[in-house]
Amino acid sequence: MKKIEPSQIATLIANLGVILGIFFLAYELRQNNELMEAEARLNRTVLAIDAWRSTAENPGLTELREKEKRGEPLSSAEIRQVDAAVMAIFVTIEWAFGELPKDSSEVIQIREVQRHNFANSPEYARVWQSRKHSFDPEFVQWMDENVVKH
C-alpha cells in the first residue's frame, strides 16, 4: 500500500474547494438571474401602470382625446399635446418590442391593447402614420403587420 503524502491531501482538499466554489458560484448566478428577471418584470409593470396613470391623472389630455374621437377640431397646441402622449406610448412599445421575445405574453398583450387603441382612438393611426418614420424599421414592420392592419 502506498503512503499518501501531505501535499497530495492538500491538493485533494484544494481541488474539492474549487469544485465546491464552482457549485456555489453557479447557485449565486442562478439566484442573480432570477432576481434580474423579477426586476425586469417589475419595470415592465411600472411602465404599464405609468401609462394608465398618465391618462387618469391628466383629465385635460383625456378630454382632448375624446374631443378628437368625436371629430371636433383641435388647435395646433392641442394636437401637439395629444401627439406627445401617443408618441410616449409608441416609444414604450418600441422598447418592449426590442427587449422582449416576440412570442412573450407581454408582447401579445401589447399587440391586443394597441389593436383596440387603433380601432377606437383615431389619434393612434394619425400619429403613427405621421411619425412612424422615426422608429426602427423592424418595429415599424411589426406594428404595421400585427397592429395597424388588424
Side-chain angles (χ1 to χ4, degrees), residues 11-150:
T11 301
L12 182 62
I13 292 171
N15 287 341
L16 185 59
V18 168
I19 290 169
L20 289 174
I22 291 171
F23 282 124
F24 180 72
L25 178 62
Y27 174 75
E28 289 292 320
L29 286 173
R30 191 177 83 217
Q31 279 189 319
N32 189 45
N33 285 343
E34 289 172 359
L35 181 60
M36 288 173 46
E37 289 171 2
E39 188 175 338
R41 285 190 303 272
L42 174 62
N43 288 338
R44 290 191 300 267
T45 301
V46 168
L47 285 172
I49 290 168
D50 286 347
W52 286 105
R53 184 177 289 139
S54 167
T55 299
E57 293 176 348
N58 194 340
L61 177 61
T62 302
E63 183 53 43
L64 292 178
R65 292 173 82 174
E66 289 298 315
K67 186 176 173 182
E68 183 170 5
K69 194 175 191 176
R70 293 188 299 266
E72 297 175 25
L74 301 177
S75 70
S76 60
E78 290 171 332
I79 290 171
R80 288 178 65 96
Q81 189 175 3
V82 170
D83 287 7
V86 174
M87 279 298 288
I89 292 168
F90 291 154
V91 169
T92 303
I93 296 168
E94 182 183 36
W95 172 84
F97 174 82
E99 295 298 320
L100 302 173
K102 305 310 176 254
D103 61 347
S104 70
S105 61
E106 292 97 340
V107 171
I108 292 168
Q109 181 182 18
I110 288 168
R111 182 192 68 209
E112 295 307 313
V113 168
Q114 292 312 307
R115 283 179 179 175
H116 173 81
N117 289 341
F118 272 79
N120 295 291
S121 301
E123 69 272 19
Y124 282 83
R126 178 180 55 72
V127 173
W128 179 250
Q129 289 307 316
S130 67
R131 305 278 173 89
K132 70 181 183 179
H133 65 278
S134 62
F135 294 102
D136 178 83
E138 187 179 345
F139 172 66
V140 171
Q141 181 180 357
W142 180 84
M143 281 288 290
D144 283 342
E145 292 174 359
N146 292 283
V147 175
V148 178
K149 294 179 182 169
H150 283 270

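When all heavy atoms of P101 and V107 are compared, the closest pair comes out as O-CG2, 3.4 Å. Across every non-hydrogen atom of K67 and P73, the tightest pair is CE-O, 3.1 Å.
Between W142 and F97, the angle of the ring planes lies from 30° to 60°, which puts this pair in the tilted group.
Note on D83 versus R131: salt bridge recorded, some NZ/NE/NH1/NH2 to OD/OE distance being below 4.0 Å. We find that K149 and E145 are not joined by a salt bridge, their nearest charged nitrogen and carboxylate oxygen being 4.0 Å or further apart.
Counting heavy atoms of neighbouring residues, nucleotides and ligands inside a 6.0 Å radius, atom CD of Q129 exceeds 12 of them. By the neighbour-count criterion of 12 heavy atoms within 6.0 Å, atom CD of E63 is densely surrounded, having more than that number from other residues, nucleotides or ligands.
From E123, atom CD reaches atom CG of L64 across 10.0 Å, with rounding to the nearest 0.5 Å. Rounded to the nearest 0.5 Å, atoms CE (M143) and CD1 (I93) are 5.0 Å apart. Atoms CE and CG, from M36 and N43 in turn, are 11.0 Å apart once rounded to the nearest 0.5 Å. A distance of 9.5 Å separates CD1 of I110 from OG of S105, quoted to the nearest 0.5 Å. Residue W95 holds its CH2 atom at 6.0 Å from CG of L100, rounded to the nearest 0.5 Å. Between Q109 atom CD and Q114 atom CD the span is 10.5 Å, to the nearest 0.5 Å.
When the side chain to side chain contact (heavy atoms under 4.5 Å, CB included) test is applied to R53, the partners found at least two apart in sequence or on another chain are I49, D50, E57.
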* To do: List the steps and the verdict of salt bridge (charged side-chain N to carboxylate O under 4.0 Å, His left out) for E78 and R65.
  => CA-CA 9 Å; E78 290 171 332; R65 292 173 82 174; over 6 Å; no
* For side chain to side chain contact (heavy atoms under 4.5 Å, CB included), just list the numbers for K132 and D144, CA-CA rounded to whole Å, side-chain angles, deciding distance to a tenth of an Å, and then say yes or no. => CA-CA 10 Å; K132 70 181 183 179; D144 283 342; 3.1 Å; yes
* L16 and L12: side chain to side chain contact (heavy atoms under 4.5 Å, CB included), yes or no, with the steps? -> CA-CA 6 Å; L16 185 59; L12 182 62; 5.8 Å; no
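Between V140 and W128 there is a side-chain heavy-atom pair separated by less than 4.5 Å. For the pair S134/M87, a side-chain contact is recorded, criterion being any heavy-atom separation below 4.5 Å from C-beta on. Counting only heavy atoms from C-beta outward, the side chains of V113 and N117 approach each other to under 4.5 Å. Two residues are said to be in side-chain contact when any heavy atoms from C-beta on lie closer than 4.5 Å; R126 and E68 meet this criterion.
If you check the side chains of R115 and Y124, you find no donor sitting under 3.5 Å from an acceptor.
In terms of modelled atom types and a separation under 3.5 Å, the side chain of N120 and the main chain of H116 share a donor-acceptor contact.
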